[in-house]
Amino acid sequence: MSIKRINGFADMFARDSRVFEFMESTCRRVFSAYGFQEVRVPVMEYTQLFARSIGTETDVVQKEMYTFPDAHGVNQSLRPEATAGIMRAYINASLHAKESVSKLFTYGPMFRCERPQKGRMRQFHQVDCELLGTHAPAADAEIISLLLHYVTELGLTDLSLHMNNLGCPTCRPKYRQALVEYLTRHEEHLCDDCKRRLHTNPLRVLDCKKDHDLAFMQEVPVFLDYVCDDCKQHYETVTALLQENNIAFVQDHCLVRGLDYYCRTTFELQSSAIGAQTAVAGGGRYDGLIRNLGGPDIPGIGFACGMERLALLLGEREAQRKDFYMVCLDDTALHTGFKIVRDLRLAGLSGEMGYTAAGMKSSMRQAGKSGARYTLILGSDEMARQTVAVKDMDKGEQKEVSLDQLVQVISQ
RNA sequence: GCGGAAGUAGCUCAGUUGGUAGAGCAUCUGAUUGUGGCUCAGAGGGCCGAGAGUUCAAGUCUCUUCUUUCGCCCCA
């Protein structure tokens, strides 16, 4: 039996890779228009980095990471997300001392050992964008604006932006306490998962699919009632900036984040068209993260966007049409044809050739299937006259062109 | 970790109450000398996921196992 692909790891041939190439090139173009620069960080880091940034109690760290000991027995992990690695690189490079604000993005594979399903792979890809060095609400609004600009450039219009305020270490515990008290009073009505969440991660009860529509959930405490003045003002400025720029969003009191480091502004781009998953991109502010990792007390905000999930929303991309397909009818012509093809490509044209001399009929079939604009035919007749027959495959018209005019004719 | 569904030609799938396999698409060839797409004719290609069991006989029934997929959990 042949060797199989590892479950959750995908092979992407042209049909799929064209879509990814489109998403990648678009993000590079859009992000750089906002002054963001690409940073490439390793796919492996010491496990400790992820434990300290993402949170030791999260499932991502507890059971989803690919972790291996190095030669000295120190654990290292394939990255389950990109933010931690970028923060580590930012600290190591002392970027904060070189520029007051840093705008960084990275693109690449992430790894989580979960059960694969629609829109969820074990090796998946994210573009990750981080804006470091400012508390200003305008930064929050800009990064959200950037994310929406990006998906608009991709041609996606059917996404909804959900926003929430998660507060800070001063005000969040008060809300959390009020939430736990409320939920404990209604514990008997909670689903089994939520009974467990109530003790492990009570905020998660808010976005439970089963319990969301229950009657008592309609009166669940809302964070905006507990938020401190600073957090409240910050969030109000962010949302005002969005509204002034006609960026529509849904105030979603049930939006919470899976990773521990988020605070204040939190957002998610959602779609109902990608199976059981809804989040296409998610992000928020993480003001204490860099300090927690041993760096300076620098605030930050960012998001990650899941490319496999975006790809589910994008249609197929057509391949770029080739300029020519060279057909050689005999072995002598093949040698000349090879040289002509080489010269055409060096002149900047794109195309292919049949590798063996074959009959006219099957050669034309191959030419037609290649989708090229022109078929170049080289047989004994053309060889004798130092020409090539050029057939326009759309019009069906054919004319004989001398070799020195070939580039010019095909370029038209 | 827990559920549901599915594994038959390269792909998408049929296969009736058990009798050693079929279609469409794709590929290749041909329809009078060197001209594609449309049409027509033909060809190649399958240990029916694997292993046991029942039976004269298993793609079909039973069990085991592997794989894939959609959900739960969790997350982008």
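Heavy atoms only: backbone and side chains are in, while hydrogens, waters and symmetry mates are out. All chains are named by letter (A, B, ...) in the order of the sequence lines, taking the proteins before the strands, and each is independently numbered beginning at 1.
- Contact of the Lys391(A) side chain with the Met364(A) side chain is registered, since non-hydrogen atoms from C-beta on lie closer than 4.5 Å.
- In the set C28(B), U67(B), C74(B), the nucleotide with an atom closest to the side chain of Lys4(A) is U67(B).
- Checking U68(B), C72(B), A76(B) against the side-chain heavy atoms of Arg115(A) singles out C72(B) as nearest.
- Taking a cutoff of 4.0 Å between a charged side-chain nitrogen and a carboxylate oxygen, Arg204(A) and Asp59(A) do not qualify as a salt bridge.
- Among the protein residues, Lys63(A) comes within range of no part of the nucleic acid, since none of its heavy atoms lies under 4.0 Å from any strand.
- In this structure, Asn7(A) reaches the U68(B) phosphate: one of its side-chain N or O atoms is under 4.0 Å from OP1 or OP2.
- A heavy-atom distance below 4.5 Å is not found between the side chains of Val280(A) and Leu156(A).
- Which of C28(B), U68(B), C74(B) sits closest to the side chain of Arg5(A) comes down to U68(B).
- Atom CE in Met364(A) sits about 14 Å away from atom P in G34(B), given to the nearest Å.
- G49(B) sits 14 Å from U16(B) when the P atoms are compared, rounded to a whole Å.
- Counting non-hydrogen atoms under 4.0 angstrom, Gly119(A) reaches a base of the nucleic acid.
- For a distance-only test at 3.5 Å, the side chain of Arg309(A) qualifies as a donor-acceptor partner of the base of C75(B).
- At distances below 3.5 Å, at least one donor-acceptor pair connects side-chain atoms of Arg112(A) with backbone N or O atoms of Pro80(A).
- Ranking C28(B), G34(B), U29(B) by closeness to the Gln366(A) side chain, first place goes to C28(B).
- If Asp381(A) and Tyr262(A) are placed on RNA chain B by their nearest nucleotide, the residue sitting closer to the 5' end is Asp381(A).
- Set against A76(B), G36(B), G34(B), the side chain of Met360(A) has G34(B) as its closest nucleotide.
- For the pair Val401(A) and Gln408(A), the minimum side-chain heavy-atom distance is 4.5 Å or more.
- Of the listed nucleotides (G71(B), A76(B), G37(B)), G37(B) has the atom at the smallest distance from the side chain of Arg365(A).
- Mapping Ile6(A) and Gln277(A) onto RNA chain B by nearest heavy atom places Ile6(A) closer to the 5' end of the strand.
- A close approach under 4.0 Å does occur between a side-chain nitrogen or oxygen of Gln117(A) and OP1 or OP2 of G71(B).
- The listed nucleotides are C74(B), A76(B), U29(B); the one nearest the side chain of Asp59(A) is C74(B).
- Comparing C75(B), U69(B), U35(B) by their closest approach to the side chain of Arg112(A) singles out C75(B).
- Between the side chain of Arg120(A) and the base of C74(B), at least one donor-acceptor pair of N or O atoms lies under 3.5 Å.
- Comparing G34(B), U68(B), C70(B) by their closest approach to the side chain of Glu382(A) singles out G34(B).
- Taking only side-chain nitrogens and oxygens, Arg197(A) comes nearer than 4.0 Å to OP1 or OP2 of C73(B).
- A donor-acceptor contact under 3.5 Å links the side chain of Gln398(A) to the base of U35(B).
- For Glu64(A), counting side-chain heavy atoms from C-beta on, the closest listed nucleotide (G34(B), C74(B), A76(B)) is C74(B).
- The two residues Ala358(A) and Leu329(A) have their closest heavy-atom pair at O-CD2, 3.7 Å.
- Taking the P atoms as reference points, U27(B) lies 16 Å from G36(B), given to the whole Å.
- With hydrogens and angles ignored, no donor-acceptor pair closer than 3.5 Å exists between the side chain of Lys361(A) and the base of G34(B).
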